[in-house]
Amino acid sequence: MITFSVKTKKQTELIDITGEVRSAIKKSGLKDGLVCVFVPHTTAAVTINENADPSVQSDILNELNKVIPLHDNYTHSEGNSAGHIKSTLTGCSQLLIVENGQLVLGTWQGIYFCEFDGPRSRQVHIKTVP
Ligand code: ZN
């Protein structure tokens with residue numbers, strides 16, 4: 001398993017980690033197989049979406065923030081229920097294909113770390129499977 005850190009700067013934020021995932025695949029030496037990208041946090045997630053227009057990322061966050069407001073009479077005493085709910089909806093892992101040593105992604109796809117209770121120092125685990 002390969003682990004890297006992500007330092008988030010905002011309360012909610014999407015951070016492109018495609019380059020870090022590609023580096024981890026290269027480091028692992030995997031030529032053909034699968035790569036699991038796993039976020040070991042309960043108020044963060046990982047998703048795949050458009051990497052061309054940054055307004056897609058802000059639209060995703062704005063709409064998630066509307067559907068799951070920061071404060072809404074939640075009972076969880078830590079005060080970060082919105083982050084927990086967004087994490088569950090988005091998901092804490094992605095399974096991707098590696099072919100000829102290269103990550104298989106669509107032209108407009110990037111892998112995004114999703115911060116839902118930042119700013120914090122976070123981790124991402126990468127496991128390759130031949
Ligand atoms: Zn909590």
Side-chain angles (χ1 to χ4, degrees):
M1 184 173 81
I2 295 166
T3 300
F4 62 86
S5 297
V6 178
K7 222 168 177 59
T8 64
K9 295 189 177 86
K10 297 176 185 166
Q11 212 273 329
T12 59
E13 186 176 13
L14 297 189
I15 297 171
D16 190 339
I17 56 167
T18 314
E20 286 89 339
V21 174
R22 285 203 168 102
S23 300
I25 292 165
K26 198 171 178 185
K27 204 166 148 186
S28 77
L30 181 71
K31 295 296 171 217
D32 288 285
L34 299 172
V35 60
C36 179
V37 182
F38 180 77
V39 169
H41 303 289
T42 60
T43 55
V46 60
T47 194
I48 296 171
N49 217 297
E50 179 169 326
N51 62 3
D53 181 359
S55 65
V56 171
Q57 294 139 49
S58 55
D59 284 350
I60 290 169
L61 285 176
N62 287 340
E63 291 307 305
L64 274 176
N65 289 338
K66 268 193 244 172
V67 174
I68 305 138
L70 193 56
H71 304 289
D72 194 22
N73 294 317
Y74 302 117
T75 54
H76 176 48
S77 62
E78 206 184 5
N80 60 356
S81 273
H84 288 295
I85 295 163
K86 288 172 195 162
S87 171
T88 279
L89 287 179
T90 312
C92 63
S93 70
Q94 292 287 336
L95 188 65
L96 294 123
I97 301 165
V98 176
E99 193 127 303
N100 301 319
Q102 300 298 312
L103 184 61
V104 177
L105 280 174
T107 308
W108 307 112
Q109 287 182 318
I111 306 167
Y112 289 88
F113 179 89
C114 310
E115 176 59 81
F116 295 135
D117 189 29
R120 292 188 192 216
S121 187
R122 302 291 203 170
Q123 288 194 317
V124 178
H125 298 318
I126 306 290
K127 182 73 181 182
T128 53
V129 184

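Each ligand, and each atom within it, is numbered from 1 in the order the structure gives. In this chain, residues are counted from 1 in sequence order.
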Stepwise side-chain contact (heavy atoms from CB on, under 4.5 Å) test for Y112 and I60
CA-CA 12 Å; Y112 289 88; I60 290 169; over 6 Å; no
side-chain contact (heavy atoms from CB on, under 4.5 Å) between L61 and F116, worked out
CA-CA 9 Å; L61 285 176; F116 295 135; 4.2 Å; yes
If we ignore hydrogens and angles and just use 3.5 Å, is the side chain of S23 paired with the main-chain N or O of G19 as donor and acceptor?
yes
Is any N, O or S atom of N80 under 2.8 Å away from the Zn ion (ligand 1)?
yes
Return yes when at least one N/O/S atom of E78 is nearer than 2.8 Å to the Zn ion (ligand 1), and no when none is.
yes
Can you name the N/O/S atom of H76 that is nearest the Zn ion (ligand 1)?
NE2
Heavy-atom closest contact (D32 atom, N100 atom, distance):
OD1-N, 3.2 Å
